[in-house]
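Notes follow the structure.
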Amino acid sequence: MAVTSCTSALHLSLAASGFGEGDEAIVPAFTWISTANVVEHLGGKVVFCDIDLGTFNIDVTQIESKITERTKAILPVHLFGLPVDMDPILDLALQYNLIVVEDAACGFGSKYKGKHVGTFGDTGCFSFHPRKAITTGEGGMVTTNDSKLADKICRLRDHGAAMSDLQRHLGARPYLLSDHPDAGYNQRMTDLQGSLGSAQMDRADDIVFERSRIAEKYDNAFANLDWLKTPPNKVGYAHGYQSYACLFEPEVINENSVSRINGIRNSWMDKLQKDGVSTRPATHAVHMLSYYKDKYGIKPTDFPNSYAADHCSLSLPLFHGMKEDEQDFVIDKVLKFQL
Ligand SMILES: *Cc1c(COP(=O)(O)O)cnc(C)c1O
């Protein structure tokens, strides 16, 4: 189902599953803020879980300890396109009767054990924002195997109407308006955006292949750098490379060194920018952003790996159409880094 954004996809998934006031959702502390915001929008409580610094994904070994009587959902995030280890999450969901909403915003083309991400949970949520592998300007998509949930999502994205406009126009009495059993939302993707997206879908394999080709060249170029941890290549995990997120580790990362490394990373990013190479922190640690920090009274060190990822990560340029000499230029600048 096409929607206005991945944020809408996440929101509709939870709303359609009956997630609401007082319910708890487990969310990795290192992700884009909207994974957590949708929980807040529905009156729920965000329960953060730390990540594994080797993958930037939720640390699946810590999830069970976060489960309470109020827990209703887990939102695993396939961050930067690296699939989450879904098996233990699905086991927990079965055991504790939890909804699994996959944040696959970055997961276009990513596969876990041979299957596309976004097909494991109750729903999968994709983004077509300009930063993502395919884009409709703004846009998103929900995938699900559950036809009841699909119907509910379709109705909620369309003001809660019992019947879509198309069903009405094709029906016996197209001139009569639909009933609205729910107070829904307007989170429909426009036809114009849909046509942009479907044209790119025709080239999906090329787009995914090109991203992995560029990533592989970086992997080889940086294989011997012990201070730059490139994305892991693990058997059974096909990375979609929405971005090429690295861990900058010029010295061992711990509570005492994080700020110092952050200072070095920032001056390096500054230098790279002046040299013509744009880099970004991979994403932010949501528990450190004012809204969550203040509302839940969280300290950065409550989720030490997310804190470290926030302060010590770096994404290198990777985009469809990146030319050989452009990538060589980036590689050369990175290899010239000196402490
Ligand atoms: C981009 C992104 C989102 C938000 O997607 P929108 O389409 O901009 O709403 C959510 N989660 C993650 C992990 C993202 O990278």
Side-chain angles (χ1 to χ4, degrees), residues 1-15 25-42 46 48-52 55-59 73-84 86 89 100-110 112 116-118 120-121 123-143 153 156-157 185-190 193-194 196-197 200 211 231 239-245 280-289 291-292 303 306 309-310 313-315 318-319:
M1 289 152 284
V3 293
T4 50
S5 65
C6 180
T7 307
S8 294
L10 295 163
H11 172 255
L12 288 168
S13 296
L14 288 179
I26 299 173
V27 174
F30 189 59
T31 178
W32 184 245
I33 189 170
S34 62
T35 323
N37 284 348
V38 294
V39 175
E40 294 286 313
H41 295 158
L42 291 164
V46 176
F48 288 112
C49 182
D50 209 0
I51 58 155
D52 173 346
T55 61
F56 292 134
N57 279 335
I58 193 164
D59 179 352
I74 307 182
L75 284 83
V77 182
H78 306 287
L79 205 56
F80 316 125
L82 180 68
V84 173
M86 288 304 292
I89 294 181
V100 177
V101 173
E102 294 179 68
D103 181 337
C106 310
F108 188 77
S110 307
Y112 173 68
H116 281 285
V117 302
F120 295 91
T123 68
C125 303
F126 291 82
S127 173
F128 305 131
H129 180 271
R131 276 183 67 100
K132 306 302 191 308
I134 72 172
T135 181
T136 57
E138 292 273 5
M141 171 173 86
V142 190
T143 52
I153 289 170
L156 287 180
R157 80 173 163 180
Y185 311 90
N186 179 356
Q187 294 180 324
R188 293 168 307 197
M189 178 186 274
T190 66
Q193 289 169 305
L196 276 177
Q200 287 164 76
R211 297 184 92 84
H239 202 312
Y241 295 108
Q242 179 265 326
S243 56
Y244 193 84
R280 297 283 181 275
T283 188
H284 48 206
V286 181
H287 74 289
M288 294 171 63
L289 302 173
Y291 176 83
Y292 290 96
F303 302 98
S306 300
D310 178 283
S313 63
L314 179 95
S315 290
L318 189 160
F319 50 90

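Every number for a ligand or one of its atoms is a count from 1 in the order of the listing.
For Glu102 (side chain) and Gly118 (main-chain N/O), a donor-acceptor pair under 3.5 Å exists by modelled atom type.
Atom 7 (O) of ligand 1 has its closest protein heavy atom at Ser127 OG, 2.7 Å. For atom 9 (O) of ligand 1, the nearest non-hydrogen atom of the protein is Thr7 OG1, 2.5 Å. Nearest to atom 11 (N) of ligand 1 among the protein's heavy atoms is Asp103 OD2, 2.8 Å.
Nearest residue to atom 3 (C) of ligand 1 from Ala282, Ala105, Cys125, Gly81 is Ala105 (criterion: closest heavy atom). Evaluated by nearest non-hydrogen atom to atom 8 (O) of ligand 1, the leading choice among Gln242, His78, His129 is His129.
Across every non-hydrogen atom of Ser127 and Cys6, the tightest pair is CB-CB, 3.4 Å. Closest approach of Val142 to Thr123, counting heavy atoms only: CG1-CB, 3.8 Å. For the pair Cys106 and Lys132, the tightest heavy-atom approach, listed with the atom from each and the gap, is SG-CE, 4.0 Å.
Separation of the His11 and Tyr185 ring centroids falls under the 6.0 Å cut-off. The ring of Phe30 has its center closer than 6.0 angstrom to the ring center of Phe56.
The Cys106 neighbourhood of ligand 1 comprises atoms 15 (O), with distances under 4.0 Å to a heavy atom of that residue. Using a 4.0 Å cut-off to heavy atoms of Thr31, the atoms of ligand 1 that qualify are 13 (C). Annotation for ligand 1: atoms under 4.0 Å from non-hydrogen atoms of Gly139 are 7 (O). Every atom of ligand 1 is numbered from 1 in the order shown, and the set under 4.0 Å from a heavy atom of Val77 is 13 (C).
Of the residues Asn37, Val3, Val39, Leu75, the one that meets the side-chain contact (heavy atoms from CB on, under 4.5 Å) test with Leu10 is Leu75. Among Val38, Asp103, Ile33, the single residue meeting the side-chain contact (heavy atoms from CB on, under 4.5 Å) criterion with Thr7 is Val38.
In terms of polar-atom proximity, defined here as any N/O pair under 3.5 Å, Leu79 makes no such contact with ligand 1. The N/O atoms of Glu138, backbone and side chain alike, include none that comes under 3.5 Å of an N/O atom in ligand 1. Considering backbone and side-chain atoms together, Ser34 places no N or O closer than 3.5 Å to any N or O of ligand 1.
Between His284 and Trp32, the angle of the ring planes stays under 30°, which puts this pair in the parallel group of the 30/60° scheme.
Using a 4.0 angstrom heavy-atom cutoff, Lys132 counts as in contact with ligand 1.
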